[in-house]
Each structure stands twice: as structure tokens, then as C-alpha cells.
Amino acid sequence: MISANDEYILDTLQGVGKVTYEQARQAREAADAEGLSVVQALAKLGAATEQEVLKILANQFGMEVVDLRQMDIPQEVVDMMPGEIARRYTVVPVSEKEGTLTVAIADPLDMETLDSLRYVLKANVDAVIAPRKDIKNAIDQHYASGSNVQTMLTEFTQGSVEVASTGLEIDEEITADTDAPIIKLVSLIILEAYRSRASDIHLEPMEKKFRVRYRVDGVLREVDNPPKRLQAAIITRVKIMANMKIAEKRVPQDGRIEINVMGKDLDLRVSTVPTTHGESVVMRILDKSSMLLGLPELGFFSDDQATFERLLALPDGILLVTGPTGSGKTTTLYACLNFLNRPDRKIITVEDPVEYQLAGINQVHVASDIGLTFSAALRSILRQAPNIIMIGEIRDLETANIAINASLTGHLVFSTLHTNDAPSAITRLIDMGVKPFLVSSSLRGIMAQRLVRRICPQCRMESQPSEAELRMLGDAAKQMSAATLYHGRGCDECTNGYRGRQGIYEVLTVDDEIRDLVFQQVDSAVIRAKSRALGMRTLREDGLRKAVAGITTVEEVLRVTMGDQA
């Protein structure tokens with residue numbers, strides 16, 4: 001349910017004619033369904049931006065809207081409010097006059113915050129209005145002493161650098177004087193990656209520099225680089241945190257860091273590889289809360305979701321999820337397990353490694369060094385009488401044969417394959433050496449997927465595809481040229497007009513006609529043509545539907561599907 005403040009905002013906007021009754025109703029529904037504020041919901045619907053809402057509300061309350069990005073706040077004013085207070089209440093002081101401190105707040109209806117500030121600061125407090133993102137940026141700017149990477153790098157002086165081990169907990173302010181500089185720096189690199197919504201951190205030794213990059217929404221971007229002389233110390237610190245052998249620099253190593261960042265439990269999968277100029281380190285950030293997705297959160301259209309749910313309801317057979325590394329296959333598999341996880345079902349997974357622990361599910365971690373391979377684990381868990389089995393990846397013929405035999409003896413089996421599209425998974429299994437009649441008998445469905453970046457709802461605007469895009473669209477160009485499309489202008493809430501990612505899908509149901517083609521060992525192109533004739537929508541077609549729906553852009557769909565079309 002939306003709050004009384006949200007209702008007041010909608011009533012005010014309707015009263016001044018900014019939004020219609022229908023837009024207000026849609027905003028209420030979107031806010032309830034997606035857990036947004038009505039301001040965010042209105043921006044997503046394109047009815048009103050945050051800045052427009054703030055100006056109308058400020059006018060109602062006789063308050064001023066300020067642009068913090070253009071303000072030069074005196075340091076003596078900043079010093080009147082401790083950083084922990086500014087962060088706790090999401091406010092920033094902007095001026096002081098005759099004993100009254102003026103602060104910028106994001107919600108003009110939040111009188112409780114102003115009362116709390118008056119009590120805590122023992123001073124008169126007045127307020128002006130500014131967007132929440134601008135306030136957070138101002139807080140980071142004015143209270144970031146020792147708390148951002150750029151500031152930290154400027155504090156390093158020539159000389160030796162101590163590397164030590166401390167507790168693995170990171171908060172927004174890292175100020176412990178006892179922390180060695182390298183410990184602070186590594187913690188800040190992780191913290192800023194998390195703040196930036198990065199999925200992984202890359203520490204890459206170059207000939208004359210030590211490059212740090214974050215992958216945000218699937219795209220790498222370079223950030224402030226530490227001095228080359230700190231390379232060995234930073235890598236050593238990461239290896240200590242990941243329980244790796246710090247003396248071993250000649251062979252690749254894998255490790256794991258369990259860490260608390262700003263009150264959230266994260267797992268960091270760490271991989272090192274020796275390169276010409278030192279060890280390259282990649283830390284993959286795994287947010288446990290992201291694995292609690294249900295099927296609707298994956299981004300299916302209703303028809304594809306209905307098809308996929310029918311496949312999940314089958315009592316036996318194999319369901320495959322295909323796509324390249326980083327396409328969200330693991331997230332999809334865990335969403336399937338969450339959907340199927342009930343007290344009357346026994347579910348066992350075999351993973352390398354177990355990325356997330358799921359309540360009510362038995363998870364087996366593959367350990368090849370002691371002989372616990374995928375195939376060995378599968379042979380053992382079949383004696384545990386499971387109903388559902390999830391295999392992290394089918395990598396070889398032995399694993400494929402055991403999985404197929406399990407599916408033919410009454411088990412529902414989930415797994416992944418690295419193929420470009422759904423029909424290619426069939427030929428990939430046959431190329432591995434699986435008999436065609438076993439493939440046709442056991443396969444129930446295959447889903448290929450990719451991740452596309454979502455258009456930022458705060459700055460979304462209408463657009464038209466370029467001539468180059470229309471040429472690349474081929475047969476779909478005529479349909480898309482007449483559609484209303486969107487793109488993001490770029491704002492403080494997003495990265496180049498995009499914020500977050502969503503899946504596009506290609507769902508192939510293996511029915512009797514497809515089974516006949518598999519048994520005949522026809523080419524994947526024939527299976528693809530037949531599947532499309534039976535109603536399968538390709539990755540590009542699903543992506544273009546989502547572009548028309550305003551979820552992503554034609555440019556983004558072309559970027560992730562060009563190789564498949566080729």
C-alpha cells in the first residue's frame with residue numbers, strides 16, 4: 001500500500017493539472033506492484049519527472065528548489081553537521097544565517113526529519129528541496145575524507161606499504177586509523193564497485209599502469225587507477241582475503257570472500273591468472289538477495305512465461321538453459337528452483353561452485369581435486385531418490401549420459417549448455433556423443449537467453465531507430481520504423497541512459513515434430529525453421545518486442561543478438 005504522503009503528492013499533482021486521474025491510478029498500481037514511490041512510478045510512466053514533482057510540491061509549501069550540482073557549500077557550513085547524521089537522514093547542509101542552518105532534503109512532506117535534526121543538532125533548522133540523488137552525491141563529495149578511492153590515492157606517499165589482515169566488514173565510512181592504507185584502499189575499491197552496481201571488479205597489471213575496471217550492466221568502464229608501485233600490495237591483500245596462497249604467483253588460483261558491505265552480505269568469487277606484467281585478478285560480486293527472484297522478475301512476457309511454467313510442471317525430462325558466460329543462466333536456474341521448491345519435493349543440485357545457498361535444497365559442491373566431479377556426484381545423488389536435479393553445466397559425454405538416464409527414470413533435470421541459440425543445444429549434445437534417440441526421448445524444452453540493458457525510467461524519452469539500425473534489422477525494419485521507441489538521455493540515476501538489465505528469451509518446446517527431426521539428425525537450421533513455424537520467438541524478436549514496450553533500445557538488442565543472426 002502506498003503511504004498517505006504518496007496520496008497527497010498524487011492529489012496535489014492532479015489539482016494543478018500535472019497528471020490525470022488515469023495516470024495517478026496507473027502510478028498507484030505500479031508503485032504497489034513494483035515497490036516504488038509514486039514519484040518513481042510517475043517517472044517510469046513518463047507522466048512527470050522527479051524535478052517537476054519537487055517544483056510543484058515546493059511551490060505548495062513555499063519552499064525553494066536548489067541545484068546542488070551548481071552550489072559551492074562553504075566548509076564551515078559542512079562542519080556544522082557530522083557526516084553520520086547527514087547519511088542517516090539523507091540531508092546536506094547548504095547555508096547558515098543568523099543561527100539557522102538550512103539543509104537540503106528530498107521530501108518536503110518529511111517534517112519528522114526536520115524535527116529530528118533540530119533535536120540532534122540543538123539548532124534551528126530550515127529546509128530547501130533537492131533531488132535525492134543530488135543530495136547523496138553532495139554527501140559523498142563533502143563527507144568523503146578517507147572514504148573514496150580518489151581521495152585515498154592522493155594520500156599515498158612514497159615508501160613501503162604495509163599489508164595486513166583485518167575483519168571483512170565494510171561500511172560507507174572507512175575511517176579506522178588502525179587500518180593499513182592498502183587495507184583501506186582495497187575495501188574502498190569493493191565499496192565503490194558495490195555503490196556503482198558493478199557485477200565484477202577487474203584488477204589488471206599493464207606494462208606501465210595498474211588498471212582497475214568495473215563491469216556495470218554488462219559493460220566495462222575504467223575507474224581511478226592506483227599507482228603501479230602498489231600493484232603487488234593490492235593483489236596480495238586480495239589473495240589474503242580470499243585465502244589464497246600469496247607466495248604462489250605462477251599458476252591460476254580461485255578463492256572466495258564473504259564480506260559485509262553497508263549491511264549487506266555479499267560473496268566475492270576471486271580468480272587470479274598470471275600474465276606478462278603480474279597477476280590479473282577478477283572479483284565477481286554475488287549479491288545473495290538477487291538470487292531470490294521468482295519467474296515474473298526474470299522479464300518474461302506472459303505467453304513465454306506460461307510456456308515455461310508448463311515445462312516446469314512436467315514430472316520428468318531435461319530442461320536446458322543456454323547462452324554465453326554472463327548471460328544470466330544461473331539466475332534463471334535458481335528462479336526455477338525457487339518456483340519448484342516445496343516441502344513434498346526433494347531437490348539436489350551439483351554445482352561448481354555453489355554460488356548461493358538456498359533454503360530447503362540439498363546442494364553439492366564439485367571438488368575435482370578429490371575426485372568429486374559432476375559425473376561422480378551425479379551417480380551418488382541418484383541413490384538419494386531426488387525428484388528434481390540441477391546440474392550446473394553439462395561439460396562432457398559422461399555427465400550428459402548420466403543426466404539423460406536420470407531424466408528417463410523419472411527425474412526432472414535442469415542444466416546449462418554454452419550454445420548461441422536453443423536449436424543448437426540439440427546438435428551440441430549429439431556432437432558430444434549422446435545417441436540421437438536418447439536426446440529426442442529425454443529433452444522437454446530448451447531456453448536460450450541474453451541480458452539487455454534496461455532504459456533508465458528517470459530519463460526515458462521517445463526516439464526513432466537510425467538508418468543503420470533499420471538496415472541491420474532486415475525484415476523487421478518496416479515494422480520497427482512505424483513503432484514508438486525509446487532511449488535514455490542520461491541522468492544522475494543511470495549510466496549513459498541505462499540502469500539495470502533484463503533477459504530476452506528464446507523458448508523451444510520439444511514436441512513430437514521436433515523429436516522426429518532430432519531422431520533424423522537434421523541440421524540445427526532445419527530444427528530452427530520448424531520451431532519458428534510452430535511458434536517459437538527468436539532472441540531478436542523477443543528483444544524487439546521489449547524495445548517496442550519501452551524496456552530496452554533497438555541498439556541494445558542488435559548488440560547482443562548480432563552474432564546469433566550471423
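Along the sequence shown, residues are numbered consecutively beginning with 1.
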Original post:
Which is it for Glu279 and Thr236 under the side chain to side chain contact (heavy atoms under 4.5 Å, CB included) test, yes or no, and what are the steps along the way?
Top reply: CA-CA 10 Å; Glu279 289 179 284; Thr236 299; over 6 Å; no
SB check [X] [Y] (cutoff 4.0 Å):
X	Y	result
Glu7	Arg28	yes
Glu556	Arg450	no
Glu555	Arg559	no
Arg453	Asp217	no

Is [X] reaching over with its side chain to a backbone N or O of [Y], donor-acceptor style, under 3.5 angstrom?
X	Y	result
Glu207	His277	no
Gln363	Leu358	yes
Lys55	Glu64	no
Gln253	Lys245	yes
Asn225	Val212	yes
Arg460	Ile455	no
Thr332	Gly328	yes
Lys329	Gly323	yes
Glu112	Asp115	no

**OP:** Just do the side chain to side chain contact (heavy atoms under 4.5 Å, CB included) check on Val103 and Val92 with the steps written out, would you?
**Re:** CA-CA 5 Å; Val103 300; Val92 66; over 6 Å; no
Looking at [X], I'd like to know if its [atom1] atom is crowded, meaning that more than 12 non-hydrogen atoms belonging to other residues, nucleotides or ligands lie closer than 6.0 Å.
X	atom1	answer
Asp107	CG	yes
Glu76	CD	yes
Lys249	NZ	no

What's the shortest heavy-atom distance between [X] and [Y], and which atoms?
X	Y	result
Gly218	Arg501	CA-NH1, 3.4 Å
Pro74	Val94	CD-O, 4.2 Å
Leu298	Ala335	CD1-CB, 3.8 Å
Val216	Ser196	CG1-O, 3.5 Å

Original post:
Cation over ring, Lys546 on Tyr505, under 6.0 Å and within 45°?
Top reply: no
Subject >> Criterion side chain to side chain contact (heavy atoms under 4.5 Å, CB included) against Arg237, the qualifying member of Ile246, Val186, Ile189, Leu230 >> reply: Val186
Subject >> Option among Met283, Arg211, Gln231 that satisfies the side chain to side chain contact (heavy atoms under 4.5 Å, CB included) test with Leu203 >> reply: Met283
Subject >> CD-CG distance between Glu96 and Asp126, expressed to the nearest 0.5 angstrom >> reply: 12.0 Å
Flag the pair [X] / [Y] as yes when at least one side-chain heavy-atom distance between them is below 4.5 Å, and no otherwise.
X	Y	answer
Arg213	Glu204	yes
Glu192	Tyr214	yes
Thr20	Gln14	no
Thr552	Tyr486	no
Ile73	Pro93	no
Arg284	Asp267	no
Val270	Val238	yes

Original post:
Hey, mind stepping through Leu268 and Asp200 against side chain to side chain contact (heavy atoms under 4.5 Å, CB included) and telling me if it holds?
Top reply: CA-CA 9 Å; Leu268 273 63; Asp200 42 65; over 6 Å; no
